[in-house]
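This is the structure, below, for whatever I ask next.
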Amino acid sequence: MKRLLCILALFTGICAFAQKTLSKDYEYKVSAPYDEVDANDNYYLSGDGKLISVKIHKRDIYVQKYNTDKPGLASEKKYEDAYPKNAVVERILFINGKAVLFYTQWDGSNKKEQLYIQEINMDKGEFEGPAKLLLKIDGKVTGEG
């Protein structure tokens, strides 16, 4: 039993010091620190060599654009009360080279549900123009109503 414990201790010591130094041909870079936004919903989109994150916290939306050629944050934009109180963000998709935010809004007095789209410019890392009404239907699409 002592022999087994000695072998185990020796093996553990060897493993602990096995990767003490990195290879000479390995190189890495660290970016400057930037603030992390803690949000309820996080979306990360990339395409055409561009990378953005869209973070939604309550009704505020943060759009962060990252550098892809060197590590780090290129820009950050905060949109306060980015959509109406009675709206729900459905999803964000990358469609035909464009990032598109979809949200629905319930018009209770007219009993209509509306679907809006908001394009996000991947080059600038910000919203492109106002939201556009895409669809309006009678009643609710999901849920009870």
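Just so it is clear, the model here is predicted, and its values are computed rather than measured.
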Would you say that more than 12 heavy atoms from the other residues, nucleotides or ligands in this model lie under 6.0 Å from the NZ of Lys124, or not? no
So, taking the atom named NZ in Lys111 and the one named CH2 in Trp106, what distance separates them when rounded to the nearest 0.5 Å?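 Going from the NZ atom of Lys111 to the CH2 atom of Trp106 covers 6.0 Å.
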Look up atom NZ in Lys50 and atom OG1 in Thr68, then write down how far apart they are to the nearest 0.5 Å.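 Reported value, rounded in 0.5 Å steps: 9.0 Å.
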Once rounded to the nearest 0.5 Å, what's the spacing between atom NZ of Lys112 and atom CG of Leu135? 10.5 Å
Members sharing Ile52's hydrophobic cluster, built from side-chain contacts under 4.5 Å between Ile, Leu, Val, Met, Phe, Trp and Tyr, are Tyr43, Leu45, Val54, Ile56, Ile61, Val63, Tyr79, Tyr83, Val89, Ile92, Phe94, Leu101, Tyr103, Tyr116, Ile120, Met122, Phe127, Leu133
For Ala39 and Asn42, which heavy atoms make the closest approach, and how far apart are they?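 Heavy atoms only, the tightest pair is CB-OD1, 3.7 Å.
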Tell me the closest heavy-atom pair linking Ser46 and Leu51, and the distance in Å.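 For Ser46 versus Leu51, the nearest heavy atoms are CB-CD1, 3.9 Å.
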When rounded to the nearest 0.5 angstrom, what distance separates CG in Asn121 from NZ in Lys98?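 Going from CG on Asn121 over to NZ on Lys98, the span is 9.5 Å.
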Enter the distance from Ile117:CD1 to Leu93:CG here, rounded to the nearest 0.5 Å.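 Ile117 CD1 to Leu93 CG: 11.0 Å, rounded to 0.5 Å.
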Please collect all salt bridge (charged side-chain N to carboxylate O under 4.0 Å, His left out) contacts where either partner lies in residues 61-76, sequence neighbours excluded, each pair once.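 Residue pairs passing salt bridge (charged side-chain N to carboxylate O under 4.0 Å, His left out), neighbours aside: none found.
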Indicate yes or no: does Asp81 engage Arg59 in a salt bridge with an N to O separation below 4.0 Å.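 Answer for the salt bridge query: yes.
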For the residue pair Asn86 and Gln105, confirm or rule out a side-chain donor-acceptor distance under 3.5 Å.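 A pair is found: one side chain offers a donor N or O, the other an acceptor, under 3.5 Å apart.
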Quick note, ring-ring contact (aromatic ring centres under 6.0 Å, His included) partners involving residues 50-72, not counting sequence neighbours, are Tyr34-Tyr66
Spacing of CD belonging to Glu119 relative to NZ belonging to Lys132, to within rounding of 0.5 Å: 6.5 Å
